[in-house]
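Let me begin by presenting the structure, written as structure tokens, before commenting on it.
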Amino acid sequence: MNTLSRFLNALDSYKITDGSQFHLADHNPDDDGHLGLDKDTGKKLLREVKGLLQDLQELLYANQNHSLLIILQGMDAAGKDGTIKHVMSGVNPQGVAVTSFKQPGPTELLHGFLWRIHAAAPQAGRIVIFNRSQYEDVLVSRVHPELLKNGHLPEALDTPEFWQGRYSDIRHLEHYLSRQGTIVLKFFLNISREEQRERLLARLDIPEKRWKFSPSDLHEREYWDDYATAYQDAIAQTARPHAPWIIVPANHKWYARLVVIGTIIRALHNLRQVTPKPDPDVMHQLDDYRTRLLQEKP
């Protein structure tokens with residue numbers, strides 16, 4: 001078995017389809033799939049899988065009967081932006097869009113929390129990447145429940161029943177998207193607290209990276225344990241076969257990108273799509289066009 005096949009098979013260990021036995025603490029941010037890959041080998045493998053992704057994305061775009069929604073979540077400095085950059089570099093930008101969900105504005109707050117999410121879902125044949133997503137409403141809002149007061153909500157807030165309702169709404173949306181032909185892949189970029197500290201320091205120590213630093217990064221770091229609990233509950237409550245979570249070991253950026261792209265490749269390959277053929281009448285017209293072009297004088 002070659003390195004690519006061994007790597008793709010190793011991805012199963014990161015995929016969560018049933019959250020009933022999920023424990024975030026069981027997942028090692030330094031995991032390497034027991035493959036013994038080094039950074040140089042990983043980069044070569046990354047170039048190989050990017051080529052595969054480009055071919056599979058072309059088939060997705062040509063057939064127009066499925067779409068792909070990629071959701072990226074993680075602590076600050078987990079590598080979401082870099083992962084998006086590397087995923088997009090392997091596909092045709094005409095068939096890909098990235099949506100970054102910031103704090104909702106006044107108009108968005110007057111609607112249900114899934115309103116803007118559904119509006120940004122991919123159309124048939126397309127790939128959409130969510131940089132943060134509907135899960136912010138069971139993560140940031142869970143850690144900072146005071147934010148819920150801005151949402152024009154009628155029921156009691158920050159109760160167990162309230163959060164169970166939100167998990168249920170998310171599950172139903174993802175099930176609906178799946179039944180419409182959307183592949184839903186949710187990635188949690190799992191870094192350690194020490195790795196986050198080193199990455200935040202790098203943003204401060206390297207002048208060219210200081211633009212990436214926000215004072216809120218340090219403030220939110222103080223809530224590390226609260227966010228870990230919120231992620232634990234969100235993943236356990238919403239992992240399903242039609243909308244799995246992939247717990248990506250993300251302490252090594254090159255390996256994290258491999259896991260994300262490899263998972264996407266497997267999902268698209270499982271569609272077993274082939275190049276669509278025009279109907280017989282169109283084929284006859286195309287043959288006529290070809291004949292006419294061949295008969296033209298140079």
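Keep in mind that this is a model prediction, so the values were computed, not measured.
In this structure, His252 and Trp254 have tilted ring planes: the angle between them lies in the 30° to 60° band. Classification of the His27-Phe22 ring pair by plane angle, with boundaries at 30° and 60°, yields tilted.
For the pair Ile16 and Phe188, the minimum side-chain heavy-atom distance is 4.5 Å or more. Contact of the Val260 side chain with the Leu189 side chain is registered, since non-hydrogen atoms from C-beta on lie closer than 4.5 Å. Inter-residue side-chain proximity for Leu37 and Thr3 is flagged as met; some heavy-atom pair is nearer than 4.5 Å. Between Ile129 and Ile71 there is no side-chain heavy-atom pair separated by less than 4.5 Å. Taking the side chain as every heavy atom from C-beta outward, His118 and Tyr176 approach each other to under 4.5 Å. Looking at heavy atoms from C-beta onward, Phe162 lies in side-chain contact with Glu155 at the 4.5 angstrom threshold. Side-chain contact between Arg171 and Gln237 is present, with heavy atoms from C-beta onward closer than 4.5 Å. Residues Pro244 and Leu185 are in side-chain contact: their nearest non-hydrogen atoms beyond the backbone lie under 4.5 Å apart.
In terms of the ring pair (Phe, Tyr, Trp, His ring centres under 6.0 Å) criterion, His172 has no residue partners (sequence neighbours excluded). Considering only residues two or more places apart in sequence or on other chains, Asp81 meets the side-chain hydrogen bond (donor to acceptor under 3.5 Å, both in side chains) condition with Asn131. Scanning for ring pair (Phe, Tyr, Trp, His ring centres under 6.0 Å) contacts around His86 gives an empty result, with sequence neighbours left out. Under the side-chain hydrogen bond (donor to acceptor under 3.5 Å, both in side chains) criterion, Ser178 pairs with no residue at all, not counting sequence neighbours. For Gln196, the side-chain hydrogen bond (donor to acceptor under 3.5 Å, both in side chains) partners are Arg221, not counting sequence neighbours. By the ring pair (Phe, Tyr, Trp, His ring centres under 6.0 Å) test, Tyr14 pairs with no residue at all, sequence neighbours left out.
Between the side chain of Gln73 and the backbone N or O of Lys186 there is no donor-acceptor pair closer than 3.5 Å. Between the Thr182 side chain and the Val184 main chain, no donor and acceptor come within less than 3.5 Å of each other.
Atom CD of Glu58 is surrounded by 12 or fewer heavy atoms from other residues, nucleotides or ligands within 6.0 Å. Counting heavy-atom neighbours within 6.0 Å of Lys15 NZ, excluding the residue itself, gives a total of 12 or less.
Comment: Asp287 does not engage Arg292 in a salt bridge, judged by the lack of any side-chain N to carboxylate O separation of less than 4.0 angstrom. For the pair Arg142 and Asp137, the salt-bridge criterion is not met [side-chain N within less than 4.0 Å of a carboxylate O]. Under the 4.0 Å criterion applied to side-chain N and carboxylate O atoms, Arg199 and Glu195 are assigned as salt-bridge partners. Remark: Asp76 engages Arg132 in a salt bridge, criterion side-chain N to carboxylate O under 4.0 Å.
Follow the hydrophobic side-chain contacts under 4.5 Å out from Val96 and you reach Leu53 in the same cluster.
When every heavy atom of Ala243 is checked against every heavy atom of Glu174, the shortest pair comes out as CB-OE1, 3.6 Å.
Inspection of the Asp158 and Trp163 side chains reveals an N or O donor paired with an N or O acceptor under 3.5 Å.
Judged by the 6.0 Å and 45° rule, Arg126 forms no cation-pi pair with Tyr61.
If you look at Trp245 and Tyr231, their ring centroids are not closer than 6.0 Å.
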Would you sort out whether Leu69 and Phe130 count as a side chain to side chain contact (heavy atoms under 4.5 Å, CB included), showing the intermediate values?
CA-CA 7 Å; Leu69 175 59; Phe130 284 178; 3.7 Å; yes

